[in-house]
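Quick note: numbers below take in every heavy atom, side chains included, and nothing from hydrogens, waters or symmetry partners. Below, read A as the first sequence line, B as the second, and so on, with proteins coming before strands; counting in each chain starts at 1. Keep in mind it's a predicted model, so treat the numbers as computed, not measured.
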2 protein chains.
Amino acid sequence: MVTLADVARRAGVSKSTASRALSDGRVSAATREHVLRIAAELHYVASPAAVSLATGRTGTIGAIVPAFDTWYTATLIRGIAHAALRHDFDLLLFELGEHGEHRDRAFDHFRRRRHVDAVFSANFALTRREVGALRDLGIPVGAIGGPTPGIRTWCLDDEAAGRLATQHLLGRGHRDILFAGGRPEEPLAMYVAEEARHAGYLSALRSAGLAPRPRRALLPTVAAAKEDAAAAFAADDRPRAVVAASDEIAMGYVLAAREAGLSVPADVSVVGVDDHPHAAAFDLTTVQQDPAEQGRLLIDWLAGEIDEPSGERQHTALAPVLVARGSVGPAPAA
Amino acid sequence: MVTLADVARRAGVSKSTASRALSDGRVSAATREHVLRIAAELHYVASPAAVSLATGRTGTIGAIVPAFDTWYTATLIRGIAHAALRHDFDLLLFELGEHGEHRDRAFDHFRRRRHVDAVFSANFALTRREVGALRDLGIPVGAIGGPTPGIRTWCLDDEAAGRLATQHLLGRGHRDILFAGGRPEEPLAMYVAEEARHAGYLSALRSAGLAPRPRRALLPTVAAAKEDAAAAFAADDRPRAVVAASDEIAMGYVLAAREAGLSVPADVSVVGVDDHPHAAAFDLTTVQQDPAEQGRLLIDWLAGEIDEPSGERQHTALAPVLVARGSVGPAPAA
DNA sequence: CTGTTAGCGCCTTCAC
DNA sequence: GTGAAGGCGCTAACAG
């Protein structure tokens with residue numbers, strides 16, 4: 001393995017001069033160029049371990065995320081990986097496990113090995129204790145999620161998204177609108193997005209002077225939604241308009257409607273949230289968000305913060321955009 | 001930060017003794033216990049950078065993967081993250097980009113910073129040159145994918161999967177079976193799985209003395225499949241039985257069938273491959289595979305290989321399992 | 001601007 | 001069984 005010493009010797013300078021030439025340090029232009037050429041010839045690359053030991057910096061960013069096998073998290077990580085690469089940071093992944101079984105371990109992990117220059121969590125609500133654990137790390141911390149005291153955060157303006165979806169149905173004349181989503185207590189009940197979207201739904205109805213239906217509580221999966229929808233459509237007062245907390249839920253409702261012999265949108269209108277890759281094939285009207293872009297914002301900020309901390313802690317709510325497709329029709333004549 | 005020196009001083013022993021006590025070294029039982037207690041009290045954790053510099057080991061495993069935002073890759077990574085944690089390895093992620101735009105950079109990246117103890121690629125076919133680049137790293141290398149000379153690999157027995165799916169349709173009396181999948185040339189054309197599944201389909205038909213239909217070539221997404229299926233169903237000799245190269249393709253076909261007024265399975269039978277989380281909601285008969293389990297196998301092997309290299313290079317083909325649901329019916333009377 | 005000198009924190013011979 | 005000393009590769013004062 002070729003070390004700095006090799007480069008220095010071959011270039012006829014001291015290690016420190018070589019080191020300066022390779023980084024920012026003050027060296028004559030001639031020396032710098034010379035050292036750089038030698039280094040290139042020798043394919044020299046600094047040992048990350050040595051650099052880290054000497055500087056305290058690791059060149060990597062840590063991620064704490066729930067199970068990736070959801071469209072949202074996976075797409076977010078894609079954006080993050082891309083942005084990290086652009087800033088020349090490595091990405092270290094810590095997964096909470098399918099049922100959050102490694103959740104406690106995650107925070108301890110980063111506390112013990114201090115091997116990242118910045119950390120972030122994504123897609124689950126941090127407890128106050130966890131926020132404390134992250135802040136104690138003494139490195140920049142960010143999160144993809146709702147407003148969290150003490151941490152810089154980003155996410156879709158979920159309340160606005162719920163409101164937008166609901167208003168879209170109101171605009172087509174619907175007066176009796178159901179909200180589907182928000183899951184029962186369970187170990188991995190980590191999201192608050194569904195709650196916020198429901199709040200937006202309530203707010204839109206309230207402004208219109210309309211009463212909400214009781215919310216359908218369910219896990220945010222196609223399977224759970226389909227099962228729930230089957231029950232909803234079998235009832236006497238079957239819903240004619242549905243705001244789903246996510247596209248996966250919306251898809252479950254669409255599948256169940258068809259199975260019940262109902263037509264979308266003639267018999268039921270459905271709006272989702274996400275603009276999931278499958279949404280178009282379902283001809284689903286939805287409120288769009290772009291997790292990859294959210295990841296980019298996060299990493300860009302963290303990278304800057306590592307260089308010179310600003311101490312910012314505010315929340316950024318990203319504006320929702322409605323994508324109109326064919327799953328919403330006019331309200332049935334009363 | 002508490003260092004080994006702190007522990008040693010507090011325990012009244014030398015750094016070397018403390019070091020031995022904390023690792024494997026020969027020390028008296030009493031000393032070991034004492035040092036261990038002190039270390040625990042002080043919440044001592046060895047600096048990864050220092051350990052790495054001294055031993056050459058980094059305690060992390062590198063992953064090279066295509067865009068995660070597919071069910072397969074995301075689930076695989078979940079299994080891998082879990083297994084890595086179990087072996088106390090950190091996971092470093094390198095993403096190839098949505099269109100493979102960082103593909104070249106990936107291999108160079110690991111070559112330069114030698115900061116992982118093992119690497120693997122997943123879910124794309126390595127070129128001969130890339131295989132060489134990985135092997136030159138001088139660390140254990142594995143891959144999730146088809147047989148690759150020089151590398152230990154794992155994946156679903158794709159040919160058997162294609163055969164199994166086809167045989168299932170044959171068993172219900174179908175004689176005219178279409179294969180959908182295998183995409184046209186494009187930057188990210190990295191999978192060979194679809195080809196192997198098609199080979200299995202051909203083999204099953206050949207054994208039955210039947211002729212295949214021309215394959216439907218398309219990108220492996222629900223959207224692309226739905227569009228393709230719409231065309232297929234509009235033709236005069238519309239297919240009555242379809243083997244889809246993946247569940248996403250199968251779902252596209254099911255959605256298109258319904259839109260064309262065809263009933264599944266009365267008018268069309270469809271079999272997929274994967275057992276995607278949405279498959280049940282589509283009542284899709286499919287050939288199952290478990291990416292998370294595949295990831296576990298890979299990491300377990302790599303972890304062992306880091307300890308003591310075996311030099312194994314064979315391929316492991318995982319047996320497919322058919323999951324019968326409702327998307328396959330008997331062949332129409334001739 | 002450049003070279004010398006110390007470490008960063010740990011492991012590992014080598015003596016004892 | 002234990003301690004002392006040296007080195008892993010690099011950066012950061014400190015002199016010159």
Between S16(B) and S19(B), do the side chains contain an N or O donor and an N or O acceptor separated by less than 3.5 Å? no
Using a cut-off of less than 4.0 Å, is there contact between a side-chain N or O of S14(A) and OP1 or OP2 of dT2(C)? no
Between R114(B) and T58(B), a side-chain donor and acceptor under 3.5 Å: no
Considering residues, nucleotides and ligands other than D104(B), do more than 12 of their heavy atoms fall under 6.0 Å from its CG? no
Can you tell whether the side chains of D108(B) and R111(B) come within less than 4.0 Å, N to carboxylate O? yes
Per-nucleotide protein contact string for nucleotides 8-16 of chain D, where B marks a base within reach and S marks sugar-phosphate only (heavy atoms under 4.0 Å, - for neither): BBBBBB---
Taking OP1 and OP2 of dC8(C), is either one under 4.0 Å from a side-chain nitrogen or oxygen of S52(A)? no
Could you state the atom-to-atom distance from CZ of R32(A) to C1' of dT2(C) in whole Å? 13 Å
Within a reach of under 6.0 Å around CD of E33(A), are more than 12 heavy atoms found that belong to other residues, nucleotides or ligands? no
For R26(B) and dG3(D), give me the distance from atom CZ to atom P, rounded to whole Å. 16 Å
Between CZ of R113(A) and P of dC10(C) the distance, given in whole Å, is 14 Å
Given the side-chain rings of H87(A) and H82(A), with only the six-membered ring counted for Trp, is the space between their centroids under 6.0 Å? no
